[in-house]
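Encoded as structure tokens, the structure appears first; notes follow it.
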Amino acid sequence: MKKLPVICIAGPTGAGKSALALELAEALAAECPVCVINADSRQVYKDFPIITAQPGPDELARCPHRLYGFLAIEEKITAGAYARLAEAELAHCAEQGRLPILVGGTGLYLKSLLGGIAPIPQIAPEVCRYWQDRCDAEASPALHRLLTEQDPAYAAKIHPNDRQRITRALEVLSGTGHTLSWWHAQQAEGAKLAQNAHNGHAVIKIGVGLPLNELETLLSTRIDKMLRAGAIAEAEAARALCPRPEAPGWSGIGCAELYQYLEGRANFAECRELWFRNTRAYAKRQLTWFKGQEKLEWVQPPLASLPGQGNFKDKYPELFHRVASAAR
RNA sequence: GGUGGGGUUCCCGAGUGGCCAAAGGGAACAGACUGUAAAUCUGUCGUCUUACGACUUCGGUGGUUCAAAUCCACCCCCCACCA
């Protein structure tokens, strides 16, 4: 049996990745069945379908979608956990002869899935707590000095102020007995091989995007659409379910801002403005990531992405041809 | 009309004679990124292509002083309260 390729649609938030995926899915309908798989760290939360821009019922009806909206707000997902879940979905697709279309803007998740990630076991929560507390008490530069003694190679790569990475390195060391550098070395070989292939499947990476200044308009109108679609009610319901803003699910852009608004700590205009600013800043970070980390085939956003208007084939004939012939 | 408070670099905001191109935060720009990644972190951020340098800024105009964002005078705006 022929190995189907893996299609990957990445790019900054709000550029229309999901819509493009559907256009592609529909254009491909004649060739082979497909399955859209989420590669976005926030669209996994089931209580924020609107705010995290998950595909709606209409979209979901158009073709199978996986890994969307399945996590509760208090639950945490990580790059490693995501990679395992997505790996299983890819295997599933292979069994069924479906062409997987990965869609999402979480660069690290895509990288972990396609390029592999160090096989570090889960670290006990007490160990994490311990370093977290120590970092609070001693400040990150002190822990960075400590890390420099234990794992100079990794310490040299990160900044003394980067408490998230410093505590993680220390957690891994005390939790597993090996340094992060050691763990990274365990999978370095595979990572190099996996750049353009995944378990023997060809990977076609498509980027959807626009320069930041042009993307702004899309981001702004998208926020208004979310608001009209009931973003506030969604946040309100989520708050009733989990009134802890520090819970993992609340960290999404828009969620956090709306929480402040609901608490009366920001007025509506401030909330909207912040939401927009943060979204824009995030899109910029993503652009930087994709510029430096991945080589994508950039494509314009599908501006008129109304249901049933998928004309991927006409817009990107060569790209479509490549995908289709790889799928056949 | 009276009294009090205030006008600082894109925004917020510190600064009350020299150590001030001016704290801090935000925004912006550039960047990093292997389990929190919609996260976390870095650099730049008045102008002069680089600066040990030069030049122009702190409502306006004059003045005091070796030296002013900081002191004085007048003026223009804003806010609060009283009328």
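As a basis for the values below, the full set of heavy atoms in this structure was taken, side chains included, without hydrogen atoms, waters or symmetry mates. Numbers restart at 1 for each chain; the letters A, B, ... are given by sequence-line order, proteins then strands.
Pairing partner, B/U56: none, since no Watson-Crick or wobble contact has both distances short of 3.5 Å. Under the Watson-Crick and G-U wobble criteria, each requiring two contacts below 3.5 Å, nucleotide B/C19 is left unpaired. Pair check for B/U3 finds B/A80; Watson-Crick or G-U wobble, both atom distances under 3.5 Å. The pairing partner recorded for B/C10 is B/G26, the criterion being a Watson-Crick or G-U wobble arrangement whose two distances lie under 3.5 angstrom.
Closest to the side chain of A/Arg285, from the set B/C33, B/A38, B/U34, is B/A38. Closest contact between the side chain of A/His184 and the listed nucleotides B/C41, B/G35, B/A32 involves B/G35. The side chain of A/Thr106 lies closest to B/A37, out of B/A37, B/G35, B/C41. Taking the side chain of A/Leu180 as heavy atoms from C-beta on, and the options B/G35, B/U36, B/A39, the nearest nucleotide is B/G35.
Judged by distance alone, the side chains of A/Tyr130 and A/Glu126 never bring a donor and an acceptor atom under 3.5 Å apart. Checked by atom type, the side-chain pair A/Arg222/A/Thr279 shows no donor-acceptor distance below 3.5 Å. Checking A/Arg285 against A/Thr13 by side-chain atom types alone, no donor-acceptor pair falls below 3.5 Å.
Considering only side-chain N and O atoms, A/Tyr282 lies nowhere under 4.0 angstrom from the phosphate OP1 or OP2 of B/A37. Side-chain N/O atoms of A/Lys291 include one lying less than 4.0 angstrom from OP1 or OP2 on B/G31. Taking side-chain N and O atoms only, A/Gln122 has no distance below 4.0 Å to OP1 or OP2 of B/G35. Applying the 4.0 Å criterion to OP1 and OP2 of B/A37, one finds that A/Tyr109 has a side-chain N or O inside that range.
Computed from coordinates, the A/His144 NE2 to B/U42 P distance equals 12 Å when rounded to whole Å. As a whole-Å value, the separation of A/Lys17 NZ from B/A38 C1' is 10 Å. Look at CD1 on A/Ile253: it is 9 Å from C1' on B/A39, rounded to the nearest Å. Following rounding to the nearest Å, A/Leu287 (CG) and B/A38 (P) show an atom-to-atom distance of 14 Å. Taking atom CD on A/Glu75 and atom P on B/U36, their separation rounds to 16 Å, with Å as the unit. Taking atom CG of residue A/Leu212 and atom C1' of nucleotide B/A27, one finds them 13 Å apart after rounding to whole Å. Distance CD1 (A/Ile158) to P (B/U36): 13 Å, rounded to an integer number of Å. Rounded to an integer number of Å, the gap from A/Phe290 CZ to B/C33 C1' is 13 Å.
Residues in residues 102-128 of chain A take part in these ring-ring contact (aromatic ring centres under 6.0 Å, His included) pairs, two or more places apart or across chains: A/Tyr82-A/Tyr109.
Nucleotides B/G60 and B/G6 are separated by 16 Å at their C1' atoms, to the nearest Å. As rounded to the nearest Å, B/A23 and B/A14 have C1' atoms that lie 6 Å from one another. For the C1' atoms, the distance linking B/C66 with B/G53 amounts to 23 Å, nearest Å. Here, B/G26 and B/C33 have their P atoms 23 Å apart, quoted to the whole Å. Atom P of B/U70 sits at a distance of 15 Å from the matching atom of B/G62, rounded to the whole Å. Nucleotides B/U9 and B/U44 place their C1' atoms 16 Å apart, quoted to the nearest Å. Comparing the P positions of B/G43 and B/G24 gives a spacing of 12 Å, expressed to the nearest Å. Spacing between B/C72 and B/U16 at atom P, rounded to whole Å, works out to 14 Å.
Using a 4.0 Å cut-off on heavy atoms, the residues of residues 259-281 of chain A that approach RNA chain B are A/Arg277, A/Arg280, listed by number. RNA chain B is contacted by A/Asn161, A/Asp162, A/Gln164, A/Arg165, A/Arg168 of residues 160-173 of chain A, taking any non-hydrogen atom closer than 4.0 Å. For the contact set between residues 244-252 of chain A and RNA chain B, defined by any heavy atom under 4.0 Å, the members are A/Ser251, A/Gly252.
Side-chain contact check for A/Thr52 versus A/Asp40: every heavy-atom pair is 4.5 Å or farther apart. The closest side-chain heavy-atom distance from A/Ile37 to A/Cys93 is below 4.5 Å. A 4.5 Å side-chain heavy-atom check between A/Tyr316 and A/Gln300 finds at least one atom pair inside the cut-off.
Using a 90° window around 0 for the glycosidic torsion, B/G62 falls outside it and is classed as anti.
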Let me have the donor-acceptor pairs involving side chains of residues 240-251 of chain A, under 3.5 Å, with sequence neighbours excluded, atom names and distances please.
unit_1	atom_1	unit_2	atom_2	d
A/Arg244	NH1	A/Glu246	OE2	3.3
A/Trp250	NE1	A/Cys242	O	2.9
A/Ser251	OG	A/Arg42	NH1	2.6
A/Ser251	OG	A/Pro248	O	2.9

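Here the closest non-hydrogen pair linking A/His159 and A/Ile166 is O-CD1, 3.6 Å.
Within 4.0 Å (heavy atoms only), A/Tyr154 reaches sugar-phosphate atoms of the nucleic acid but no base atom. Contacts of A/Ile77 with the nucleic acid, taken as non-hydrogen atoms under 4.0 Å apart, involve only primed sugar atoms and P, OP1 or OP2.
With respect to A/Arg145 and A/Glu149, no salt bridge is recorded, no charged nitrogen being found less than 4.0 Å from a carboxylate O. In summary, A/Asp133 and A/Arg129 engage in a salt bridge, as defined by a charged side-chain N under 4.0 Å from a carboxylate O. Salt bridge A/Glu31/A/Lys313: absent, no basic N to carboxylate O contact under 4.0 Å.
Nearest-nucleotide assignment on RNA chain B puts the 5′-proximal partner with A/Trp289, out of A/Ile51 and A/Trp289.
A/Arg134 is linked by a salt bridge (Lys or Arg N to Asp or Glu O under 4.0 Å) to A/Glu138, counting only residues two or more places apart in sequence or in another chain.
Counting heavy-atom neighbours within 6.0 Å of A/Gln122 CD, excluding the residue itself, gives a total of 12 or less.
Remark: side-chain polar atoms of A/Ser174 are paired, donor with acceptor, to backbone N or O of A/Leu170 under 3.5 angstrom.
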